[in-house]
Number of protein chains: 2
Amino acid sequence: MAGTLRRTPLSRDRILRAAVALADQAGIESLSMRNLAQELGVVPMALYKHVANKDELLDGMIDVIVGEIDPPTPGADWKPAVRAGILSARQALRRHPWAPLAIEARNMATPAILAYLDSTIGTLLAGGFSVDLAHHVMHALGSRILGFSQELFDTSRDAGRTGASEPDPPAPLPPEVAARFPHVAAIATAASHDDASVVGQGCDDQFEFEFALDLLLDGIERLRQQGWTSSGRPGPGHQGG
Amino acid sequence: MAGTLRRTPLSRDRILRAAVALADQAGIESLSMRNLAQELGVVPMALYKHVANKDELLDGMIDVIVGEIDPPTPGADWKPAVRAGILSARQALRRHPWAPLAIEARNMATPAILAYLDSTIGTLLAGGFSVDLAHHVMHALGSRILGFSQELFDTSRDAGRTGASEPDPPAPLPPEVAARFPHVAAIATAASHDDASVVGQGCDDQFEFEFALDLLLDGIERLRQQGWTSSGRPGPGHQGG
DNA sequence: GAATCTAGGTGTACGGCGTACACCTGTCAA
DNA sequence: TTGACAGGTGTACGCCGTACACCTAGATTC
């Protein structure tokens, strides 16, 4: 029969790639097993021959993305190395706005994530960090180490929802809100006119990310130089007043 | 008719409280309009006379929790004031393990969140921060300002899943993982024996949270003292090598 | 070549979800 | 008495994830 054209057969890898693409362009909320199957020209249950269930699908998608990150090159100075790794992670994740939430929702140590963390820790240890300090540093960097700062109001989250990719205008905070929360208003309005390079947009995500990152890295470097130890440490102070 | 005992009537507030309680004890994933209605002895559609839809329900739940945070007391020294506010936020959120993800999933400026942010910003401005620096600081603190650090692996996320609240033992990282990721293993094992106060548990969440928080606050204080300005600033450096 | 195995795609069906919409009922104002 | 209206009800629709039985084509074995 001439009509039985066999499309390239399914495979776990093909499924994961299609899933990532679908989430990218249609939003994670419209990634269903059914939609994904249709995209692949296949019946929904066919997917289950390659992934155990939807959670495992999500884990796989995460690994695909994390695999795109190039880890810090060992041997170099720890600070620029870690910094570059984190910025690379950020760039990888920015292509997939749904990823941060997905990663957090399934707080799982997938192999790809572990590999990335391991190489980062390795860079720290090679840079003269004690195991203890390296541990705390990893916590301090938190999710930033994977390239997302988990802003409270993350505008990039909505991307891909509509398909169109206009960065949607500033939405300059309604006056009754400004009246009730004057300090918020002060910051919001200051940010929008101050900087020539950030016309229109509320603020420059990349700048804010690097600001916080460098704040941490600088503090960390200071602790390292001081030979930080957890007892009697001269590091971040616990004092109350 | 004696049989028509009228239970206390529904109200938006009663619904929100019941929803929070249900999410606390059964996990956010089993908070459905149907379950919630049953909990309240009412038919599912009854809820829609008080909340527009499930998203609005979630927003309301978030506001209930954020409302429990006591904001930094103005007038005091900015650093201990902000620190205390953030630790209070952390404590409030720790009672509701589902809250961080819910807050991030619906990146919305609810009134309660705005109020909290506003008072925090106010404290900064009163403490001598420029509007610009205050802005960057808020970004740098990120979600930490609401009391969660968004760890990559957040053990508290699972709480309430089973109903029992044993803190479930360390789960000491299977040997094949340890072999493949030696640096991760080094940190994981070091953390578990090193500190007498943290027996069994991998590491002390509270300590890590405060470590990162103080790292940031100390760096911020340094910038403030130097009279940080966005151009030609002596703050966190952008240098690559 | 025929029988058998098996990997992988199919079809049907179930229970759960959010919620639109029409409906009923008790309360209270006019 | 009437009528409006706030608020609880019942039914139904379309979506979801996925269990389970089935089919089918190619490989394996004799």
Side-chain angles (χ1 to χ4, degrees), chain A residues 1-20 22-23 25-62 98 101-102 105-106 108 160-163, chain B residues 1-23 25-62 98 101-102 105-106 108 160-161 163:
Chain A
M1 319 229 170
T4 61
L5 72 159
R6 308 213 45 68
R7 27 183 49 51
T8 61
L10 236 40
S11 76
R12 184 179 160 89
D13 196 69
R14 224 165 73 81
I15 291 176
L16 293 183
R17 289 181 194 289
V20 167
L22 183 54
Q25 79 191 211
I28 189 73
E29 77 282 352
S30 57
L31 171 73
S32 65
M33 298 304 269
R34 290 167 142 96
N35 283 344
L36 179 55
Q38 186 167 26
E39 206 77 12
L40 288 163
V42 112
V43 90
M45 287 310 293
L47 304 176
Y48 287 88
K49 288 282 155 63
H50 301 270
V51 296
N53 50 46
K54 191 175 181 182
D55 279 350
E56 208 210 74
L57 175 76
L58 287 170
D59 286 346
M61 293 168 66
I62 290 170
W98 48 269
L101 206 56
R106 320 204 18 77
M108 260 216 30
R161 187 78 57 91
T162 60
Chain B
M1 321 226 166
T4 61
L5 71 158
R6 308 210 47 65
R7 23 181 54 53
T8 61
L10 237 41
S11 76
R12 183 179 161 88
D13 196 71
R14 224 165 73 81
I15 290 176
L16 293 183
R17 288 181 194 290
V20 167
L22 183 54
Q25 80 192 211
I28 189 72
E29 77 283 353
S30 57
L31 170 72
S32 67
M33 298 304 270
R34 289 166 141 98
N35 283 345
L36 178 56
Q38 186 166 27
E39 205 78 10
L40 288 162
V42 111
V43 89
M45 286 310 294
L47 303 176
Y48 288 87
K49 288 283 154 63
H50 301 272
V51 297
N53 49 49
K54 191 175 181 182
D55 279 351
E56 209 210 73
L57 175 77
L58 288 170
D59 287 345
M61 295 168 65
I62 291 170
W98 49 270
L101 205 57
R106 322 203 16 77
M108 261 219 26
R161 187 77 58 89

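Letters go in sequence order (proteins before strands), and every chain restarts at 1.
Atom pair A/L22:CG and D/dC16:P shows a separation of 11 Å (rounding to whole Å applied). Note: NZ (B/K54) to P (C/dG16) measures 15 Å, nearest angstrom. Regarding B/L58, its CG atom lies at a distance of 14 Å from the C1' atom of C/dC17, rounded to whole Å. Note: CG (B/L57) to P (C/dT19) measures 10 Å, nearest angstrom. Rounded to whole Å, atom P of D/dG7 lies 11 Å from atom CD1 of B/I15. A/L10 places its CG atom 9 Å from the C1' atom of C/dG9, with the value rounded to the nearest Å. Between B/E29 atom CD and C/dC17 atom C1' there is a gap of 14 Å when expressed in whole angstrom units. Distance B/Y48 OH to C/dC17 C1': 9 Å, rounded to the nearest Å.
Closest approach of B/P9 to B/R14, counting heavy atoms only: O-NE, 3.2 Å. In terms of heavy-atom proximity, A/L47 sits nearest to A/V42 at CD2-CG1, 4.4 Å. Closest non-hydrogen pair, B/R12 versus B/G60, comes out as NH2-CA, 4.0 Å. Across every non-hydrogen atom of A/I28 and A/W98, the tightest pair is CB-CB, 3.6 Å.
Listed candidates were C/dG8, C/dT10, D/dT18. Nearest to the side chain of A/H50 is C/dG8. For B/A46, the listed nucleotide lying nearest its side chain is D/dG8; candidates were C/dT12, D/dG8, D/dC16. Closest to the B/S32 side chain, of the nucleotides D/dG17, C/dG9, C/dC17, is C/dC17. Closest to the side chain of B/M33, from the set C/dG11, C/dC21, C/dG18, is C/dG18.
One can find a donor-acceptor pair under 3.5 Å joining the base of D/dG8 and the side-chain atoms of B/K49. One cannot find a donor-acceptor pair under 3.5 Å joining the base of C/dG16 and the side-chain atoms of B/R34.
Looking at which nucleotide of DNA chain D each of A/S30 and B/V43 is closest to, the 5′-most match is held by B/V43.
Taken from CG in A/L22 to CG in A/L40, the straight-line distance is 9.0 Å, to the nearest 0.5 Å.
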